Amino acid sequence: AWLNNADIQVNLFDKQKACDYINQYGVAVYLGEQPEKHYHAKIKAYSNLDEVPTPDVIVLCIKNYSLAGVSEQLVNKFGKEIPVVALQNGIENQQILPQYFDSVIYGVVCFNAWVDDFGKVGYQKKGPLALGHNGGVSVTEMNKIITDFNKGVETFNYPNLNDAVHSKIVINLTNSLTTLVALHKNDQSKSTAFQKLLTSMTYEGIQVMKAAGFKESKLGGMPSWLLITAARVLPCFITRKPYLKNLKKMVISSMAQDIIVNGGSTSELDSINGYVLSLAKKYGIKTPINDAIYKICQEEFVKSPFEPVTVDFIWQRVEST
Ligand SMILES: NC(=O)C1=CN([C@@H]2O[C@H](COP(=O)(O)OP(=O)(O)OC[C@H]3O[C@@H](n4cnc5c(N)ncnc54)[C@H](OP(=O)(O)O)[C@@H]3O)[C@@H](O)[C@H]2O)C=CC1
Ligand SMILES: CC(C)(CO)C(=O)C(=O)O
């Protein structure tokens with residue numbers, strides 16, 4: 001919607017029901033704090049790939065677990081030379097997409113967005129996006145894409161792509177915990193146990209990334225490694241103010257949308273938490289909080305219907321392991 005309203009011609013490819021709605025009513029977009037001020041973007045949506053006009057660039061806004069299937073369809077239709085911008089969390093997209101496409105730009109999305117209903121999307125803040133690549137993309141091509149994206153949303157070229165990706169993965173570890181307690185419905189701002197769990201799991205993530213040789217990338221508005229470390233080592237009350245400010249930014253994570261809003265059992269738990277735990281094992285870093293939370297997610301996410309668990313329940317499991 002942001003690009004389309006900045007005169008970049010955008011076409012959507014989605015499932016039939018979503019397309020029918022979007023073609024009739026457009027996409028309604030609103031800033032989370034001001035739902036009454038939503039605006040519409042008239043975007044053409046296609047559910048039949050054969051009808052989609054050949055694009056200059058494909059932007060993949062799907063989960064890691066949908067990438068292989070969707071890429072297979074796209075490459076059969078448009079060929080492997082078509083430039084692709086991949087906006088997934090985690091690193092799995094870097095393993096999957098080069099199997100299909102020659103020219104892939106990866107993007108780290110530094111804000112939260114959610115779908116309320118067909119064609120109705122909320123966002124926590126507008127941007128930024130950090131783009132980078134692992135070769136196969138010319139300077140001209142990269143500059144053109146950055147310039148076009150910037151017409152609609154603040155977009156940077158990030159030379160150290162994998163530092164940015166791994167810094168974001170640290171933040172994404174919290175998706176599992178916020179989904180388990182259904183944070184969007186159950187306020188945890190008074191719970192110091194929740195604060196300890198959230199800061200400990202990201203602190204462990206930082207230790208893993210440092211051991212694996214990744215450096216911090218400052219990602220627009222996301223908590224810094226210094227703040228997370230301070231929150232972990234200092235008494236809770238000292239870092240409470242910045243902690244609460246950051247907690248407020250979490251509206252509804254992409255994982256909670258999968259497990260709670262869409263009632264599915266498939267999520268990016270393994271692309272994010274599973275990946276961090278595999279790095280921890282490789283580099284000999286202890287991650288007791290993440291181990292326990294990952295296990296609880298594995299048990300709870302497959303239950304149908306999913307029922308949120310309490311912070312006490314998580315805390316007891318952490319203490320018993
Ligand atoms: N949401 C967020 O705040 C953020 C998300 N991210 C990352 O961005 C990526 C995308 O997440 P998000 O936007 O939340 O994902 P969503 O699951 O909300 O959106 C993906 C869309 O693609 C559609 N889709 C899936 N498979 C197909 C297919 N075969 N053909 C046509 N359409 C298909 C889905 O349809 P349907 O719903 O019907 O399956 C859905 O509309 C993830 O890697 C996530 O981690 C990064 C930062 C923030
Ligand atoms: C909420 C946010 C921005 C951070 O965890 C995110 O990346 C997601 O929802 O996947």
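It should be emphasised that the depicted structure is a prediction, and the values quoted were computed from it without experimental measurement. This chain uses plain numbering: 1 for the first residue, then up along the sequence. One-based numbering, in listed order, for ligands and for the atoms of each.
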- What atoms of ligand 2 come within less than 4.0 Å of a heavy atom belonging to N89? 6 (C), 7 (O), 8 (C), 10 (O)

- Query: For atom 2 (C) of ligand 1, which protein heavy atom lies nearest, and how many Å away is it?
  - Reply: A113 O, 3.4 Å

- Consider only side-chain heavy atoms of I, L, V, M, F, W and Y, link residues closer than 4.5 Å, and tell whether I293 and W315 are in one cluster. yes

- Query: Does the distance from a Lys or Arg side-chain N to an Asp or Glu carboxylate O, for K144 and D148, drop under 4.0 Å?
  - Reply: yes

- Donor on one side chain, acceptor on other, N273 and S176, under 3.5 Å: yes

- Return the residue, atom name and 0.1 Å-rounded distance of the protein heavy atom closest to atom 10 (O) of ligand 2. S254 OG, 2.5 Å

- Message: I'd like to check which ligand 1 atoms, numbered from 1 as shown, lie under 4.0 Å from a non-hydrogen atom of S254.
- Response: 1 (N), 5 (C), 14 (O), 44 (C), 45 (O)

- Do the charged groups of K63 and D258 touch, with an N to O distance under 4.0 Å? yes

- Message: Are any of the N/O atoms on F13, whether in the backbone or the side chain, positioned under 3.5 angstrom from an N/O atom of ligand 1?
- Response: no

- Query: Taking non-hydrogen atoms only, is V109 closer than 4.0 angstrom to ligand 1 via side chain, backbone, both or neither?
  - Reply: both

- Task: Give a yes or no on whether I238 and I228 share a hydrophobic cluster (residues Ile, Leu, Val, Met, Phe, Trp, Tyr; joining criterion: side-chain heavy atoms under 4.5 Å apart).
- Result: no

- Have S271 and E92 got a donor and an acceptor in their side chains that come within less than 3.5 Å? yes

- A student comparing D258, I62, V121, L74 should find that the heavy atom closest to atom 22 (O) of ligand 1 comes from I62

- Distance from atom 29 (N) of ligand 1 to nearest protein heavy atom, with residue and atom: V70 CG2, 3.4 Å

- Would you say the side chains of D270 and Y294 form a donor-acceptor pair under 3.5 Å? yes

- Side chain, backbone, both or neither: which part of K168 comes within less than 4.0 Å of ligand 2 when only heavy atoms are counted? side chain

- Heavy-atom protein neighbour under 4.0 angstrom from atom 45 (O) of ligand 1: yes

- Note on the structure: closest protein heavy atom to atom 3 (C) of ligand 2 is F111 O, 3.5 Å

- Task: Under 4.0 Å from a heavy atom of L87: give me the atoms of ligand 1 that qualify, with their elements.
- Result: 7 (C), 8 (O), 9 (C)

- Message: Taking 4.0 angstrom as the limit and counting only heavy atoms of Q257, give me the atoms of ligand 1 inside it, by number and element.
- Response: 1 (N)

- Item | Side-chain H-bond candidate by donor/acceptor type, Q88 with N93, under 3.5 Å | yes

- Query: How far is atom 6 (C) of ligand 2 from its nearest protein heavy atom, and which residue and atom name does that atom have?
  - Reply: N172 ND2, 3.3 Å

- Is it true that K80 and D102 make a salt bridge, defined as a side-chain N closer than 4.0 Å to a carboxylate O? yes

- Task: Could you tell me whether Y65 and ligand 1 have an N or O pair separated by under 3.5 Å?
- Result: no

- For E268, atoms of ligand 1 separated by under 4.0 Å from a heavy atom: 42 (C), 43 (O), 44 (C), 45 (O)

- Top protein contact for atom 5 (O) of ligand 2, by heavy-atom distance: N175 OD1, 2.6 Å

- Task: Go through ligand 2 atom by atom and flag the ones less than 4.0 Å from a non-hydrogen atom of S253.
- Result: 9 (O)

- Close-contact set for ligand 1 against Q88 heavy atoms, below 4.0 Å: 43 (O)

- Please check if any side-chain donor atom of Q94 sits under 3.5 Å from a side-chain acceptor atom of N134, or the reverse. yes

- When you measure from atom 11 (O) of ligand 1 to every protein heavy atom, which one gives the shortest distance, and what is it? K63 CE, 3.5 Å

- Task: Using a strict cut-off of 4.0 Å, indicate which atoms of ligand 1 neighbour a heavy atom of F111.
- Result: 3 (O), 47 (C), 48 (C)

- Within less than 4.0 angstrom of ligand 1, does A18 place any heavy atom? no

- Message: Using a 3.5 Å distance criterion without hydrogens, assess whether the side chain of Q124 forms a donor-acceptor pair with backbone atoms of I252.
- Response: no

- Distance only, no hydrogens: is a donor on one side chain within 3.5 Å (strictly under) of an acceptor on the other, for E204 and N290? yes

- Return the option from C19, C61, S66, S47 holding the heavy atom at the smallest distance from atom 13 (O) of ligand 1. C61

- Is there a chain of hydrophobic side chains (I, L, V, M, F, W, Y, each step under 4.5 Å between heavy atoms) that links I62 to V261? no

- ligand 1 N/O within reach of D14 N/O, cut-off under 3.5 Å: yes

- Task: Ignoring angles and geometry beyond distance, decide whether K15 reaches within less than 3.5 Å of ligand 1 through its nitrogen or oxygen atoms.
- Result: yes

- Note on the structure: Of N112, T178, V109, the one whose closest heavy atom lies nearest atom 1 (C) of ligand 2 is N112

- Query: If you measure every N/O of N262 against every N/O of ligand 1, is any gap under 3.5 Å?
  - Reply: no

- If we ignore angles and hydrogens, is there a donor and acceptor under 3.5 Å between the side chains of D312 and Q316? no

- Query: Which option, N64, N89, L67, owns the non-hydrogen atom nearest atom 7 (C) of ligand 1?
  - Reply: N89

- Would you say the side chains of K168 and N89 form a donor-acceptor pair under 3.5 Å? yes

- Item | Electrostatic pair R317:E299 at N-O distance under 4.0 angstrom | yes

- Looking just at side-chain N and O atoms, do Y158 and H133 make a donor-acceptor pair shorter than 3.5 Å? no

- Message: Within ligand 1, which atoms have a heavy atom of K168 less than 4.0 Å away?
- Response: 46 (C), 47 (C)

